[in-house]
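Right, one structure below, let's go through it.
Because only heavy atoms are used, hydrogens play no part in the values below, and waters and symmetry mates are left out as well, while side chains stay in. In what follows, chains carry the letters A, B, and so on, assigned in the order in which the sequence lines appear, proteins first and then strands, with residues in each chain numbered from 1.
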Amino acid sequence: MKFSYNWIKEFVPTLDLPAEGLERLITMKTAECDGVEKVGPLREGAVVAKVLEAEAIPGYHNQKALVNAGPYGIKTVVCGAPNCRAGLSTIYVPLGTKMVSGVLSDGMLASAAELDINKDHDGIVELDGSEGIPVLDHAIEIDNKSITHRPDLWGHHGMAREVAAITGHALRDVVDMSRLPAPGSPVEVEIEDFTLCPRYSALVFENVTVQPSPLWLQARLMAVGLNPINNIVDLTNFIMAELAQPMHAFDREKLVGRTIYARPAREGESILALNDETYALTPANLVIADASGPIAVAGVIGGDGSAISETTTTIVLESASFQASSVRKTSSALKLRTDASMRFEKAQDPRNTIRALARALELLPILSPGIRLVGGLADCCGPLADPPAIPLDLDWLGRKLGRPMDAAEVRGILESLEFKVDAAFNAAFLVTPPTWRATKDVAMAEDLVEEVGRMIGYDSFPPTPPLVPCAPTYDPPAREFLRHVKRTMAAEGFTEVSNYSFISEEEARRFGLKPEDHVRVLNPIAAGQELMRTSLIPGIHRNVVENARHFDHFRIFEVGHEIHKQADATVKPLERPHLMLALFAKDDGRAGLLELKRVAQFLAPGLEVRAAEAKPFEHSTRAADLYWRDAKIGRLAELHPHLVEAGRASVLDLDLDLLLELTPATVKYTAVRRFPTSAFDLSVVATAREHSGSLEAAIRRLAGPLAEAVEYVREYQGAPLPEGKKSVSFRVVVGAPDKTLSTPEILAIRDGIIDGLTAIGYELRV
Amino acid sequence: MTELVDTALERIHSSANLADLEAVRVEVLGRKGVLAQLSKDMGKLTADERVARGKFINAAKQSLEGAYEALKSKFESAALAERLDAEWLDLTVPAPGPKRGALHPVTQIQWEIEDLFRSMGFSVLDGPEVETEHHNFDALNIPPDHPARDMQDTFWLEGHHLLRTHTSPVQVRGMEKLGPPLKMIAPGRVFRNESVDASHEHTFYQLEGMMIDKDVSVGNLIYFMKTLLTAIFHREVTVRLRPGFFPFVEPGFELDIRCLICGGPGCPVCKQSGWVELLPCGLVNPHVLRASGIDPTEWNGFAFGLGLTRLVMMRYAIDDIRWLQSGDLRFLSQFGGQTA
Ligand SMILES: [Zn+2]
């Protein structure tokens, strides 16, 4: 939202701060300013001038004009405008001399666009003799977000009230309510629901001349970012920018009947709006209608059928108030945000409608000379509640802000913002907010803390250490565990990456996941980011492929949430934190897989690898499920060569919630063995693709309770073993807690293992 | 006799290596060696002669053994020196095995700030990334159709869920779980539906903080923020509070810090203003307390939000936010060497 410095100054005539200084004060006390810019910098030094002679320059499109530039004297100016002609009254800007089209040109004749008066750059300004040049202005840009809660700050009068309160200058009200006529309009108003439309006021005028607005008014609109159109439309925009009250003008001759209705749209109704778009309406949309149907979408946009045109001679000027949430819903349903809807959705004060009409009564005779009011005021209004008084305890206020409060200071601040302050009892006030602050913004004592605090300036409250009780903090165990996991990964050489939570349908399919099993984003930022990831693999895979362009080998990891859809979509999706590791190298991939296994066992000592059928994106013979304490906690696999062409990538996926759950919270100590253990080796002959893990498990089972450890030693293939066979050697360590085992006892265990293995078909090499 | 001993000494000295020397030792000092020969006829000697012979043999033994030991030690030193020389190693070759990995800079700054808060007695809480409308908006005093919802462009999911637009919902969850008085922070990933460019991301990290107690004042808030920011930036910072609108606090503030680059006169980083907008904060709105089951007439407090991604970019002067989610090791591997 842009504010014109000159406009604010009209409300605060004694204001003596320049725009830049004012911007800083507004930022510190009211709302965030995004900067100040000059409006019409060329107006500085510009004067009204008369073209004395104009002649074409042979060979050029330009003309050479002799101009009476008032205080600057007679000047020769080269001008390209087609309307430059002798006798024209226009605007001269002293810009210095330069050669143009072979002629030394001194200064320029300006178009209205060059002077920021309007967007017309087809020719130079044509003055009718009665008008001066709009003076240089400054636009102060306010961040819309910072005035979301302030309906009053969407107009210059409201901002001027803040400025007056901040600077201590007097505020002038430009509205003269005595201009309002008595009730009795040629139009009737019917409001179906006062909740949706608390008030609808209107005036009817005849003998209207639709023409351009005076330059000063056009310049004002341009300064705040509104385009001048014609005097009637400009009037509604001008008053909106001034008083924050949106208005609308209908061509009365195009209305059917003499009653204006504010009612929900009927099923099947639609409207061709001023922007040439047709909108289908539903009963959720409030409309303004005549006997024939909708003539405006209430608070959002007018209809094309009743729009002001050059031939309009009678108008109905609407000034109404609509429910904020209703306007907002309609505006978002129609995907149409207008200057009006933006203001209404902030909850405008219904008391403001007739103030806007009073202001129009003052301005219209200037904009459209000869205009006549027809009849009196139409004003249909529901019950307007008075804002309740808020008790404000000064001691409490002081405790909130951090220093004792002075009653006179507090009263002065609140009254400068037009709050009504009554003394109650015991250093307490009863504070009544003004109606324009009570629609949404100010309702409780905490809101008054802000009013007082910001006007005093927060920097004047001394920083004070809080006095709080001391207690141990609540620390979810998962947090420390997560740090342990991440630190371990970094220490093992893995670098942490962070990927988006969004994946595409194609990515889901590429990794064997069904798009319909994913939580869908209803408004994705871009195509390809429409699903919530149920696995970290798509992001990790992309990281592998991209980094493989720069590195021959690398290790990465990510910790992130998998988001799983519930059978019932209204139940919140399940979030599972996972750890995924990837190791890339340009080799045969063996070492990488085993390295990932080692790292997994670092986190989960004793973790078991159980061979599993490969998924389509995995290497067909290099995939396994990971089990720990009999729970499946992850997967280890090499990615299929189709997915990683530059080398080999192994990936490890671990469910961190399960890992944490299975990690013991404390250590259970068992007494250190006092008697020596003994060891013997066994070599088992098996088929080449037999898993050593299952041999180890078999030996462990056969060895019985006295086996302390069964360790894989090595394996061997080749002569004298037949083709397709291998020999795997294990070392078995045995011992008892209460004695040293005798040689016959050890041999008995050994024979038991050998007999057992033989019985299930294995041969042993001794 | 003397001749015999001299010959034996010569034999010892003539050994070329340790093996030679060992053979000579057996020959000279062994059971059939010179000393043994000299003792052979002792029985035939007179008492005086025996004493003289004994002295001679002892002297000869000392001399021969000394020569042997000296030479042995010389040979052993030479052999060791030779072995060590042969073991020459080029230590400038690269060390095998993986290089150290790096934690993501956001992880690092998050931990640093978590530790800072924990040292001040704050609990660290987590919350889900998928939120309900209630926790993300309603309970934070942002009802449906409130224009404040425009301030945070939201990713909506099927089933009326959404991706949290801020970590503030964890405030609500924290109040529900811990009750007053409480001091908590909640770091985490948040989402805004806006297009990505050098300074905007739809996925970034925030840290939410809250303190609920009795009579918490604006003065307390300012003190706390100054302490916190001094610790974060490792230097004294000047702060200012100005009004800011956030529905979940009342009054609400924008906290600015004196530009750390130019110190005040103005530079491109602070857009020539001398101040950098750093964090939104304020006294917790009574509606929010009430929605979480806390009686606002008894308790109040302050809340604030810190942009972790912003802090990372400020600390390392990163000019393009997109690096953080890029997964590019040319960027990420730079963050592995520092103490913190
Ligand atoms: Zn600066």
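Ranking A:Thr27, A:Ile563, A:Val449 against chain B, the residue ahead of the rest is A:Thr27, based on heavy-atom pairs under 4.5 Å. Chain A forms more heavy-atom pairs under 4.5 Å with one residue of B:Glu129, B:Met184, B:Arg118 than with any other, namely B:Glu129. In terms of non-hydrogen atom pairs under 4.5 Å with chain B, the most contact-rich of A:Ser326, A:Ala478, A:Ser501 is A:Ser501. Listed options A:Leu583, A:Asp568, A:Val519, A:Asn144 were ranked by heavy-atom pairs under 4.5 angstrom with chain B; first place goes to A:Val519. Between chain B and the options A:Val327, A:Thr570, A:Asp447, the largest number of non-hydrogen pairs under 4.5 Å is found for A:Asp447. In terms of heavy-atom pairs under 4.5 angstrom with chain B, the leader among A:Ile556, A:Ile540, A:Ile525, A:Asn543 is A:Ile525. For chain A, the option among B:Asp328, B:Thr227, B:Asn220 with the highest count of heavy-atom pairs below 4.5 Å is B:Asn220. When B:Phe253, B:Phe331, B:Phe122 are compared by the number of non-hydrogen pairs under 4.5 Å with chain A, B:Phe253 comes out ahead. Ranked by heavy-atom pairs under 4.5 Å with chain A, the first of B:Gly159, B:Gly219, B:Pro105 is B:Gly219. When B:Gly252, B:Pro98, B:Pro243, B:Pro286 are compared by the number of non-hydrogen pairs under 4.5 Å with chain A, B:Pro243 comes out ahead. Between chain B and the options A:Glu345, A:His149, A:Lys440, A:Arg403, the largest number of non-hydrogen pairs under 4.5 Å is found for A:His149.
Interatomic distance, OG of B:Ser333 versus CZ of A:Arg555, reported as 14.5 Å (0.5 Å rounding). Here B:Phe246 contributes atom CZ and A:Thr148 contributes atom OG1; the two are 10.0 Å apart, rounded to the nearest 0.5 Å. To the nearest 0.5 Å, the span separating OG1 on B:Thr107 from CD on A:Glu496 amounts to 3.0 Å. Between A:Phe502 atom CZ and B:Leu163 atom CG the span is 5.0 Å, to the nearest 0.5 Å. One distance of note links CZ of A:Phe494 with CZ of B:Arg100; it measures 15.0 Å at 0.5 Å rounding. Note that the CD atom of A:Glu530 and the CZ atom of B:Phe155 stand 11.5 Å from one another [nearest 0.5 Å].
Using a 4.5 Å cut-off between heavy atoms, A:Glu546 touches chain B through its side chain atoms alone. With a 4.5 Å cut-off on non-hydrogen atoms, A:Asn523 touches chain B through its backbone and its side chain both. Heavy-atom distances place the side chain of A:Met532, and not its backbone, under 4.5 Å from chain B. The contact between B:Ser326 and chain A is made entirely by backbone atoms, counting heavy-atom distances below 4.5 Å. Contact annotation for B:Phe204: neither backbone nor side-chain heavy atoms come within less than 4.5 Å of a heavy atom of chain A. No part of A:Val559 comes within reach of chain B, as not one of its non-hydrogen atoms sits under 4.5 angstrom from that chain. Only the backbone of A:Glu492 comes within contact range of chain B, with at least one heavy atom under 4.5 Å from a heavy atom of that chain. Contacts between A:Thr30 and chain B at a heavy-atom distance below 4.5 Å involve the backbone alone (N, CA, C, O). In this structure, the portion of B:Pro187 lying under 4.5 Å from any heavy atom of chain A is its side chain and not its backbone. Looking at A:Pro465, the atoms closer than 4.5 Å to chain B (heavy atoms on both sides) sit in the backbone and in the side chain alike. Within the 4.5 angstrom heavy-atom criterion, no atom of B:Leu221 approaches chain A. Only the backbone of B:Val239 comes within less than 4.5 Å of a heavy atom in chain A; its side chain stays farther off. Proximity to chain B (any heavy atom under 4.5 Å) is restricted, for A:Arg337, to the side chain, taken from C-beta onward. Heavy atoms of B:His161 lying under 4.5 Å from chain A belong exclusively to its side chain. Residue B:Phe224: no heavy atom, backbone or side chain, is found under 4.5 Å from chain A. The part of B:Lys99 that comes within reach of chain A is its backbone (N, CA, C, O), which places non-hydrogen atoms under 4.5 angstrom from that chain.
Using a 4.5 Å heavy-atom threshold, the side chains of A:Lys572 and B:Pro128 count as touching. Contact annotation: the side chain of A:Met444 approaches that of B:Asn285 to within less than 4.5 Å [non-hydrogen atoms, C-beta and beyond]. Using a 4.5 Å heavy-atom cutoff, the side chains of A:Val521 and B:Phe191 are not in contact. Annotation: side chain of B:Ser217 is not in contact with side chain of A:Lys400 (no heavy-atom distance under 4.5 Å). Contact of the B:Leu332 side chain with the A:Val497 side chain is registered, since non-hydrogen atoms from C-beta on lie closer than 4.5 Å. The shortest side-chain heavy-atom distance between B:His104 and A:Glu558 does not fall under the 4.5 Å cut-off. Inter-residue side-chain proximity for B:Leu329 and A:His550 is flagged as unmet; no heavy-atom pair is nearer than 4.5 Å. A:Arg520 places none of its side-chain heavy atoms less than 4.5 Å from the side chain of B:Trp156.
Between A:Arg483 and B:Asp115 there is a salt bridge, with a side-chain nitrogen of the basic residue lying less than 4.0 Å from a carboxylate oxygen of the acidic one. A salt bridge does not link B:Arg240 with A:Asp459: every distance from a Lys NZ or Arg NE/NH1/NH2 to an Asp or Glu carboxylate oxygen is 4.0 Å or more.
Between the side chain of A:Ser146 and the main chain of B:Gly244, no donor-acceptor pair closer than 3.5 Å is present. Looking only at distances, a side-chain donor or acceptor of A:Asn547 sits under 3.5 Å from a matching main-chain atom of B:Gly327.
No option in B:Asn300, B:Val218, B:Asp215 other than B:Asp215 meets the side chain to side chain contact (heavy atoms under 4.5 Å, CB included) test with A:Arg399.
A side-chain donor from one of B:Arg189 and A:Ser498 sits under 3.5 Å from a side-chain acceptor of the other.
Sparse packing is recorded around NE2 of B:His160, with 12 or fewer heavy atoms of other residues, nucleotides or ligands lying under 6.0 Å away. Within 6.0 Å of atom NE2 in A:His553, 12 or fewer heavy atoms from other residues, nucleotides or ligands are found, so the atom counts as exposed in its surroundings. The local environment of CZ in A:Arg24 is sparse, with at most 12 non-hydrogen atoms from other residues, nucleotides or ligands closer than 6.0 Å.
Annotation for A:Phe461 and B:Ile222: closest pair O-CD1, 3.7 Å, computed over non-hydrogen atoms.
Ring geometry for A:Tyr500 versus B:His202: interplanar angle of 30 to 60°, hence tilted.
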